[in-house]
Amino acid sequence: MKYFKPSILAGLVALTLNTYAASELPNFEVALGAGVAKDEPAFNIDLRVNIPVNQRISWQINLDSDYIFDDPTFKDYSMSEFNVLGFYRKDDWRLGAGLGYLEKKSRDDSFEKDTMVVSHLLAAYYWDDLTLDWQFSGYDNDFDRAVSMETGVLWYPDMIRRIGLYIEEQERGTGWRLEGFIQPQKYNQQLAFGVIVRDGKGPGFPYLGMEARYYFDRAIKIKDRDRSYH
């Protein structure tokens with residue numbers, strides 16, 4: 001799971017094309033991020049396919065890979081998670097659930113590979129330019145940096161900006177996350193840049209990072225993109 005295998009990619013493309021033939025336009029996105037947790041460099045590569053079935057139901061397939069260096073306990077390692085999620089949407093709320101497969105692997109074989117199946121529950125409520133967001137994931141304490149539950153509010157001051165504030169619970173700590181993203185019209189609203197700040201108690205705090213996201217679709221307001229696909 002550390003690498004995105006060609007067979008998985010081919011399957012996603014086939015599923016996306018088949019679904020597109022009978023429903024609405026799919027959305028594919030990639031995110032690249034880098035930051036520092038305490039004195040430990042961290043990088044992430046995230047791939048996501050959003051597949052609307054109709055106005056109410058959609059699927060999401062994602063592969064999230066995190067790379068951590070100089071961890072005081074595990075040294076250099078990677079965590080990769082493959083998820084399939086389903087959503088039911090109404091005009092002012094969304095519910096979601098799904099399953100994933102998580103793998104934690106040492107880069108120098110200093111510990112044995114850990115794997116687990118993860119369950120996810122998600123919910124959101126929309127009110128004008130605010131979104132109340134909640135997510136629960138069933139991780140165990142072998143994956144101490146994984147966020148097991150987060151609750152937050154997103155504010156959209158205009159069509160290109162989003163600001164979010166979350167409370168996060170990890171297996172070995174609790175903290176908060178402040179993030180801001182901008183989706184410039186200069187790039188047809190298909191490229192977003194963000195800054196993420198985390199602080200609290202635990203091995204992943206404090207954290208300061210940046211992220212860039214590219215969307216392989218068309219110009220969509222950042223609020224509409226989040227509420228239609230995420």
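Note that the structure is a prediction, hence the values are computed from the model and not measured.
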Checking S148 side chain against E169 main chain: does a donor-acceptor pair fall under 3.5 Å? yes

Test item: S137 and V147 side chains (from C-beta on) under 4.5 Å apart, heavy atoms: no

Taking everything shown except W176 itself, do over 12 heavy atoms lie less than 6.0 Å from its CH2? yes

Nearest 0.5 angstrom please: R89 CZ to L95 CG, how far? 10.5 Å

Establish whether V49 and L47 are linked, either directly or via other cluster members, by ILVMFWY side-chain heavy-atom contacts under 4.5 Å. yes

Would you mind checking if R56 and D91 are paired as a salt bridge, meaning a charged N to carboxylate O distance below 4.0 Å? yes

From OG (S106) to CZ (F111), nearest 0.5 Å: 4.5 Å

Quick check: do T174 and K201 have side-chain heavy atoms less than 4.5 Å from each other? no

Who passes ring-ring contact (aromatic ring centres under 6.0 Å, His included) against F69, sequence neighbours left out? F43

Heavy-atom closest contact (F193 atom, A212 atom, distance): CD2-CB, 4.2 Å

Taking salt bridge (Lys or Arg N to Asp or Glu O under 4.0 Å) as the test, write out the residues that go with R162, two or more places apart. E179, D226

Are V30 and L191 connected, step by step, through hydrophobic side chains (Ile, Leu, Val, Met, Phe, Trp, Tyr) whose heavy atoms are closer than 4.5 Å? yes

Would you confirm whether E168, through its side chain, and E150, through its main-chain N or O, come within 3.5 Å as a donor-acceptor pair? no

d(N50 CG, L85 CG) to nearest 0.5 Å is 9.5 Å

What one should report as the nearest heavy-atom pair of Y125 and D92 is CD1-O, 3.2 Å

Would you say V153 ends up clustered with W155 if hydrophobic residues are merged whenever their side chains have heavy atoms under 4.5 Å apart, either directly or through other cluster members? yes

Joint cluster assignment, L63 & I51, ILVMFWY side-chain distance < 4.5 Å: yes

Within a reach of under 6.0 Å around CG of L178, are more than 12 heavy atoms found that belong to other residues, nucleotides or ligands? yes

So, do F82 and E103 sit near enough that their side-chain heavy atoms are less than 4.5 Å apart? no

So which heavy atom on S58 is nearest to which on P52, and how close? CB-CA, 3.8 Å

How about CG on D39, more than 12 heavy atoms from neighbouring residues, nucleotides or ligands closer than 6.0 Å, or not? no

On the 0 to 90° scale, with breaks at 30° and 60°, tag the Y88-W93 ring pair as parallel, tilted or perpendicular. tilted

Would E29 and R213 count as a salt bridge (Lys or Arg N to Asp or Glu O under 4.0 Å) here? Give the steps. CA-CA 7 Å; E29 61 188 74; R213 300 175 179 176; 5.4 Å; no

Parallel, tilted or perpendicular: rings of F216 and F28 (30°, 60°): tilted

Side chain proximity check, D64 to N62, heavy atoms < 4.5 angstrom: yes

Would you mind reporting whether D76 and D70 have side-chain heavy atoms less than 4.5 Å apart? yes

Look at atom OH of Y187 and say whether more than 12 heavy atoms of other residues, nucleotides or ligands are closer to it than 6.0 Å. no

Can D133 and Q135 be said to form a side-chain hydrogen bond (donor to acceptor under 3.5 Å, both in side chains), step by step? CA-CA 7 Å; D133 194 24; Q135 179 172 333; over 6 Å; no

Min side-chain heavy-atom separation W134-L121 under 4.5 Å: yes

Atom CZ in F136, atom NE2 in H120: separation rounded to 0.5 Å? 10.0 Å

Is F205 linked to I167 within one hydrophobic cluster, defined over Ile, Leu, Val, Met, Phe, Trp and Tyr using a side-chain heavy-atom separation of less than 4.5 Å? no

Which atom of G100 lies closest to which atom of N83, heavy atoms considered: CA-OD1, 3.0 Å

Which atom pair, heavy atoms only, marks the closest approach of Y67 to S78? CD2-CB, 3.6 Å

Heavy atoms, side chains only, cut-off 4.5 Å: are W127 and L132 in contact? no

Heavy atoms of A42 and Y207 approach each other most closely as CB-CE1, 4.5 Å

Rounded to the nearest 0.5 Å, what separation is found between the CG atom of L130 and the OH atom of Y156? 9.5 Å

Test side-chain contact (heavy atoms from CB on, under 4.5 Å) applied to S119 and L99, step by step: CA-CA 5 Å; S119 59; L99 292 174; 4.1 Å; yes

Verify side-chain contact (heavy atoms from CB on, under 4.5 Å) between N44 and D66, making sure each step is shown before the conclusion. CA-CA 4 Å; N44 66 281; D66 297 319; 3.1 Å; yes

Do any N or O atoms from the side chain of Q183 and from the backbone of I220 form a donor-acceptor pair under 3.5 angstrom? yes

Checking Q185 now: which residues fulfil side-chain contact (heavy atoms from CB on, under 4.5 Å) with it, not counting sequence neighbours? M159, I160, Q189

Is there a side-chain contact between R177 and I196 (heavy atoms, below 4.5 Å)? yes

Would you give the length of the straight line joining atom CD of Q55 to atom NZ of K90, rounded to the nearest 0.5 angstrom? 10.5 Å

